[in-house]
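The next block holds one structure in the form of structure tokens; read it before the comments.
Computed from a prediction, not measured in an experiment: that's the story for all the values here.
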Amino acid sequence: MAAHPVRLVVDDDLRRTRLTVFFRLLLAIPHLIWLALWTIGVVILGFVAWVIALVRGRLPDGLHDFLAMYVRYATHLGAYLALAADPYPGFTGKPGYPVDIEIPGPQAQSRATIAVRLLLAIPALILSATLGSGAGGGYASRQGGNSQFASSTGVGGVAAVCGFLGWFASLARGRMPNGLRDLGAYGIGYTAQASAYTLLLTDRYPNADPDELGPTWSLPPHPVRLLLDDDGRRSRLTVAFRLLLVLPHLVWLLLWSVAASLAAIANWFVALVRGRSAAPLHRFLAAYTRYSVHVSGFLFLVANPFPGFTGAPGYPVDVAIEEPESQNRWITLFRILLALPAFLIGGALFGALAVAGLLGWFAALVTGRMPTGLRNLGAVAIRYQAQTDVYWLVLNDRYPYASPAVQPPPVEAEI
């Protein structure tokens with residue numbers, strides 16, 4: 001399938017001005033007022049655009065440009081609020097901001113999808129709410145006499161958490177962490193696609209696949225690596241009864257979690273004394289982490305086979321965990337406190353994982369396949385959760401890396 005016509009562009013050097021970071025919300029107030037006024041115009045013209053597009057099969061150039069400027073402006077403001085970009089944005093939605101969106105010109109669209117566009121957009125808008133979107137506002141229209149409302153902007157979910165944590169990091173370092181910037185920009189980019197689809201700027205459905213949405217995301221080497229070997233096919237029968245089938249695993253995972261918590265405490269003391277985790281405890285906790293990954297993959301349809309109960313490697317969505325290595329005792333001493341930001345990001349990503357699993361459940365029942373975008377988004381969330389588990393269980397002291405990349409970018413061969 002060809003690349004999505006609405007594409008995220010990131011041209012940001014990660015540098016942040018501490019003064020503007022500190023007063024970011026205050027500085028954004030004029031933009032929030034202007035966005036609210038602009039949204040009123042979108043609400044009024046949205047119905048006009050829908051009627052004209054239904055008759056002509058495409059948007060008029062003027063209306064298309066007006067709505068495209070609105071989506072770009074909301075993207076710029078969302079990036080500014082979430083600290084995915086640093087410059088103060090303009091008020092016109094003009095292209096050229098460090099985090100921007102490319103929107104194609106008016107094109108012919110199916111009148112059948114135009115007629116029910118808001119209904120079709122609901123799943124994408126729900127997912128965009130969990131990922132975090134542009135910047136506060138909405139799009140409303142009336143079709144068939146029924147008033148419908150769909151949020152099209154507003155920093156929330158994953159992007160909000162990235163911006164919140166990035167605020168502290170940028171004040172301390174004068175730079176936005178690369179992983180937080182990329183993850184926040186991904187959430188903002190998906191919302192731009194959802195808004196463009198809702199506002200009839202394109203008839204291509206939003207694609208949640210991080211590898212397809214924007215640039216090549218960074219993903220440096222980490223002791224916990226995602227292993228994904230899934231062909232997307234799903235058994236409709238096991239999908240239909242997925243919650244029932246996973247119940248024994250949830251009970252066993254709960255029991256194993258109690259033992260893992262006790263083992264983590266023991267491992268914490270060992271790492272404080274020896275500077276590394278004990279090999280038997282490391283193996284036990286690594287198996288627990290892998291088993292948790294397998295159960296999450298099965299429950300949220302990131303994978304299809306019924307998983308085993310031992311956490312043995314080889315499941316279609318899995319993680320490779322390196323052997324025990326030396327750890328910093330100071331990091332070990334304050335491990336739980338240091339893990340709190342990772343817990344926040346993990347919680348936001350879990351919300352996206354749950355929504356991806358719910359939407360994938362309906363899609364898999366109908367098509368017998370899990371949409372690649374939802375599968376890959378789920379895999380990213382599971383990888384981050386595994387890295388967080390390994391960190392707080394004291395298996396290694398490498399901090400979880402927040403990136404929307406599914407796999408590390410390919411290494412260019414040296415000539």
Side-chain angles (χ1 to χ4, degrees), residues 183 210 219 221-232 234 238-239 242-243 245-261 263-264 267 277 281-324 339 342-343 345-358 360-361 370 372 374-396 398-408:
L183 188 59
L219 187 61
H222 193 280
V224 180
R225 304 185 310 277
L226 175 69
L227 304 175
L228 187 61
D229 184 22
D230 171 67
D231 60 9
R234 298 293 181 266
T238 62
V239 167
R242 187 62 54 106
L243 286 178
L245 291 171
V246 82
L247 283 179
H249 281 290
L250 295 178
V251 173
W252 178 235
L253 183 61
L254 177 61
L255 296 174
W256 200 341
S257 297
V258 175
S261 299
N267 198 39
S277 62
L281 292 174
H282 187 281
R283 288 193 297 269
F284 176 78
L285 293 171
Y288 164 76
T289 300
R290 284 195 302 269
Y291 177 64
S292 178
V293 166
H294 301 169
V295 173
S296 295
F298 180 71
L299 174 60
F300 297 109
L301 283 92
V302 181
N304 189 57
F306 191 78
F309 286 83
T310 62
Y315 195 66
V317 54
D318 207 348
V319 288
I321 302 173
E322 293 185 2
E323 295 299 316
F343 290 150
I345 297 174
L349 282 173
F350 180 81
L353 172 63
V355 171
L358 175 64
W361 186 83
M370 179 69 166
T372 301
L374 296 178
R375 191 274 313 276
N376 287 351
L377 171 58
V380 168
I382 288 174
R383 181 194 64 225
Y384 189 84
Q385 187 58 59
Q387 291 183 355
T388 302
D389 287 345
V390 165
Y391 183 75
W392 81 265
L393 292 171
V394 202
L395 299 186
N396 67 62
R398 190 78 60 84
Y399 208 78
Y401 191 80
S403 171
V406 180
Q407 298 289 354

R375 side chain to G360 backbone, donor-acceptor under 3.5 Å: no
Heavy-atom side-chain contact between D389 and V293 under 4.5 Å: no
Pairing residues for R242 by the side-chain hydrogen bond (donor to acceptor under 3.5 Å, both in side chains) criterion, not counting sequence neighbours: T238, N304
Where A402 and I345 come nearest, the two heavy atoms and their spacing: CB-CD1, 4.2 Å
Side chain to side chain, V380 and L226, heavy atoms closer than 4.5 Å: no
Q387 and R398: CA distance, side-chain angles, deciding distance, side chain to side chain contact (heavy atoms under 4.5 Å, CB included) verdict: CA-CA 9 Å; Q387 291 183 355; R398 190 78 60 84; over 6 Å; no
Nearest non-hydrogen partners of V406 and N376, listed with the distance: CG2-CB, 3.7 Å
Heavy-atom closest pair, residues A386 and V319: CB-CG1, 3.8 Å
Atom pair CG (D231) and OG1 (T372), whose distance is rounded to the nearest 0.5 Å: 10.0 Å
Any Y391 side-chain heavy atom under 4.5 Å of F343 side chain: no
Heavy-atom donor-acceptor pair, R234 side chain to L301 backbone, under 3.5 Å: yes
Flag if over 12 foreign heavy atoms under 6.0 Å of CG, D229: no
From H294 atom NE2 to F306 atom CZ, the distance as rounded to the nearest 0.5 Å: 13.5 Å
Distance in Å, S261 OG paired with W256 CH2, rounded so as to fall on 0.5 Å steps: 13.0 Å
Residues which pass ring pair (Phe, Tyr, Trp, His ring centres under 6.0 Å) with F300, listed by chain and number, not counting sequence neighbours: F350
Donor-acceptor contact below 3.5 Å, side chain H249 vs main chain P307: yes
Derivation of the side chain to side chain contact (heavy atoms under 4.5 Å, CB included) call for T310 and Y291: CA-CA 7 Å; T310 62; Y291 177 64; over 6 Å; no
R383 side chain vs A405 backbone, donor-acceptor pair below 3.5 Å: yes
Minimum heavy-atom distance A303-D230, with the two atoms named: CA-OD1, 4.1 Å
Trace of the side chain to side chain contact (heavy atoms under 4.5 Å, CB included) decision for Q385 with L349: CA-CA 8 Å; Q385 187 58 59; L349 282 173; over 6 Å; no
Nearest-0.5 Å distance that lies between atom CG in L285 and atom OG in S292: 12.0 Å
L393 versus A260, closest heavy-atom pair with distance: CD2-O, 4.2 Å
Expected output: side-chain Y315 to main-chain P305 donor-acceptor under 3.5 Å: yes
Heavy-atom side-chain contact between P223 and V390 under 4.5 Å: no
Heavy-atom side-chain contact between H282 and I321 under 4.5 Å: yes
Which atom of G314 lies closest to which atom of D318, heavy atoms considered: N-OD2, 2.9 Å
Side-chain heavy atoms of V224 within contact of L395, under 4.5 Å: no
Nearest-0.5 Å distance, CG of residue L353 to CG of residue L358: 11.0 Å
Within-4.5 Å side-chain heavy-atom neighbours: Y288 and L253: yes
L299 vs L243 side-chain heavy atoms within contact, under 4.5 Å: yes
Side-chain donor or acceptor of N267 paired with backbone N/O of A263 under 3.5 Å: no
